Amino acid sequence: MSYPSCTLGRMDIVIRQAEPGEYDTLGEITAQAYLGDGLLDFGESDAYLGELRDVAKRAAAAEVLVAVAEGAVLGGVTFVPSGGPMADIARPGEAEIRMLAVARAARGRGAGEALVRACLDRARATEGCVRLVLSTQRTMHAAHRIYERLGFVRTPERDWNPLPHLDDITLLTYELTL
């Protein structure tokens with residue numbers, strides 16, 4: 001399914017399902033976004049880097065969307081419609097956004113917001129889905145602005161630590177009731 005393109009400046013951004021031939025590109029965009037923004041505590045040796053690069057694994061368990069403009073992949077996101085192995089915090093009746101990333105050179109053009117809006121559209125179209133949830137790192141300020149602009153609210157009672165043996169890694173959570 002492809003979403004209508006949104007015109008932002010001179011660039012038309014199309015949001016659609018990732019194609020297998022784009023998995024490596026999107027995996028590298030995602031890995032480089034997390035590395036470049038200092039989001040991996042262990043840098044190049046961080047075990048999570050492999051997960052970020054493994055788009056095929058995500059696509060087998062959830063929906064992977066890409067933002068494309070002028071034939072180039074700008075970024076992507078994983079939409080988890082209802083639980084399963086890709087869900088981190090989703091409860092029954094909730095869909096989840098995971099691994100939103102936009103290439104550094106493409107930032108500020110609306111690709112990130114277009115990807116989140118596409119997830120919102122998909123959540124609204126998912127039968128029984130009443131809420132869209134996500135986890136984010138404290139330092140992802142640009143992403144927080146997108147979420148808040150689109151109506152997401154912080155849910156500090158759901159904040160969590162993916163690595164409990166390290167007490168300085170707490171992920172912030174947001175939700176949007178549909």
Side-chain angles (χ1 to χ4, degrees), residues 1-37 39-40 44 46-90 94-129 131-137 140 142-143 146-147 149-150 152 162 174 176 178:
M1 176 176 192
S2 184
Y3 286 85
S5 60
C6 34
T7 302
L8 301 161
R10 297 174 315 206
M11 183 184 309
D12 285 340
I13 297 175
V14 175
I15 306 299
R16 60 168 170 74
Q17 191 159 341
E19 298 170 0
E22 297 166 327
Y23 290 176
D24 287 346
T25 300
L26 179 57
E28 202 51 37
I29 286 171
T30 308
Q32 291 308 316
Y34 277 66
L35 278 170
D37 292 347
L39 302 173
L40 299 174
E44 289 279 358
D46 199 298
Y48 195 52
L49 203 51
E51 292 293 313
L52 295 171
R53 285 189 169 118
D54 196 349
V55 177
K57 178 181 175 184
R58 293 199 293 278
E63 296 179 51
V64 177
L65 305 177
V66 288
V68 180
E70 300 170 2
V73 175
L74 306 178
V77 67
T78 301
F79 174 73
V80 184
S82 54
M86 285 303 300
D88 274 337
I89 63 167
E94 295 179 337
E96 187 167 348
I97 294 175
R98 300 272 322 272
M99 300 177 191
L100 173 67
V102 175
R104 184 169 296 284
R107 292 182 183 178
R109 300 179 187 176
E113 183 169 333
L115 286 161
V116 175
R117 286 183 183 279
C119 289
L120 275 167
D121 291 345
R122 285 181 179 257
R124 288 184 176 113
T126 300
E127 188 174 335
C129 185
R131 204 167 3 272
L132 184 58
V133 298
L134 62 92
S135 301
T136 182
Q137 292 187 25
M140 295 177 164
I146 291 170
Y147 304 141
R149 185 167 53 246
L150 294 178
F152 284 83
Y174 282 81
L176 189 144
L178 304 172

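For this chain, numbers begin at 1 and follow the sequence in order. Being a predicted model, the structure only gives us computed values, none of them experimental.
Among all heavy-atom pairs drawn from Thr30 and Ala101, the shortest one is CA-CB, 3.7 Å. Scanning all heavy atoms of the two residues, the minimum distance from Ala123 to Leu132 falls at CB-CD1, 4.2 Å. Closest heavy-atom contact between Leu39 and Gln137: O-NE2, 3.1 Å. Nearest heavy-atom pair, Ile13 versus Gly110, reported as atom, atom and distance to 0.1 Å: CD1-C, 4.0 Å.
Of the inter-residue distances, the one linking Glu19 atom CD with Thr25 atom OG1 reads 11.0 Å to the nearest 0.5 angstrom. Remark: Met99 CE to Leu52 CG distance equals 5.5 Å, nearest 0.5 Å. Once rounded to the nearest 0.5 Å, the distance linking CG of Leu150 with SG of Cys119 reads 10.5 Å. Here Leu120 contributes atom CG and Leu178 contributes atom CG; the two are 7.0 Å apart, rounded to the nearest 0.5 Å.
Residues meeting the side-chain hydrogen bond (donor to acceptor under 3.5 Å, both in side chains) test with Arg131, sequence neighbours left out: Glu94. Partners of Glu22 under the salt bridge (charged side-chain N to carboxylate O under 4.0 Å, His left out) rule, at least two apart in sequence or in another chain, are Arg16. In this structure Tyr34 satisfies the side-chain hydrogen bond (donor to acceptor under 3.5 Å, both in side chains) test with no other residue, sequence neighbours excluded. By the side chain to side chain contact (heavy atoms under 4.5 Å, CB included) test, Arg107 is found to be paired with Ala33, Asp37, Val102, Arg104, residues two or more places apart in sequence or in another chain being considered. The side-chain hydrogen bond (donor to acceptor under 3.5 Å, both in side chains) search around Glu28 returns Gln32, Arg53, not counting sequence neighbours. In this structure, the side chain to side chain contact (heavy atoms under 4.5 Å, CB included) partners of Asp54, at least two apart in sequence or on a different chain, are Ala56, Lys57. Every residue meeting the side-chain hydrogen bond (donor to acceptor under 3.5 Å, both in side chains) condition with Thr136, not counting sequence neighbours, appears here in chain and number order: His144.
Under the side-chain contact (heavy atoms from CB on, under 4.5 Å) test applied with Leu65, the options Leu100, Leu26, Leu115 reduce to a single match, Leu115.
Using cut-offs of 30° and 60° for the angle between ring planes, the Phe152 and Tyr174 rings count as perpendicular.
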Please table the atom pairs, donor to acceptor, closer than 3.5 Å between any side-chain atom in residues 75-90 and protein atoms at least two apart or in another chain.
unit_1 : atom_1 : unit_2 : atom_2 : d
Thr78  : OG1    : Arg58  : NE     : 3.1
Asp88  : OD2    : Arg98  : NE     : 3.2
Asp88  : OD2    : Arg98  : NH2    : 3.4

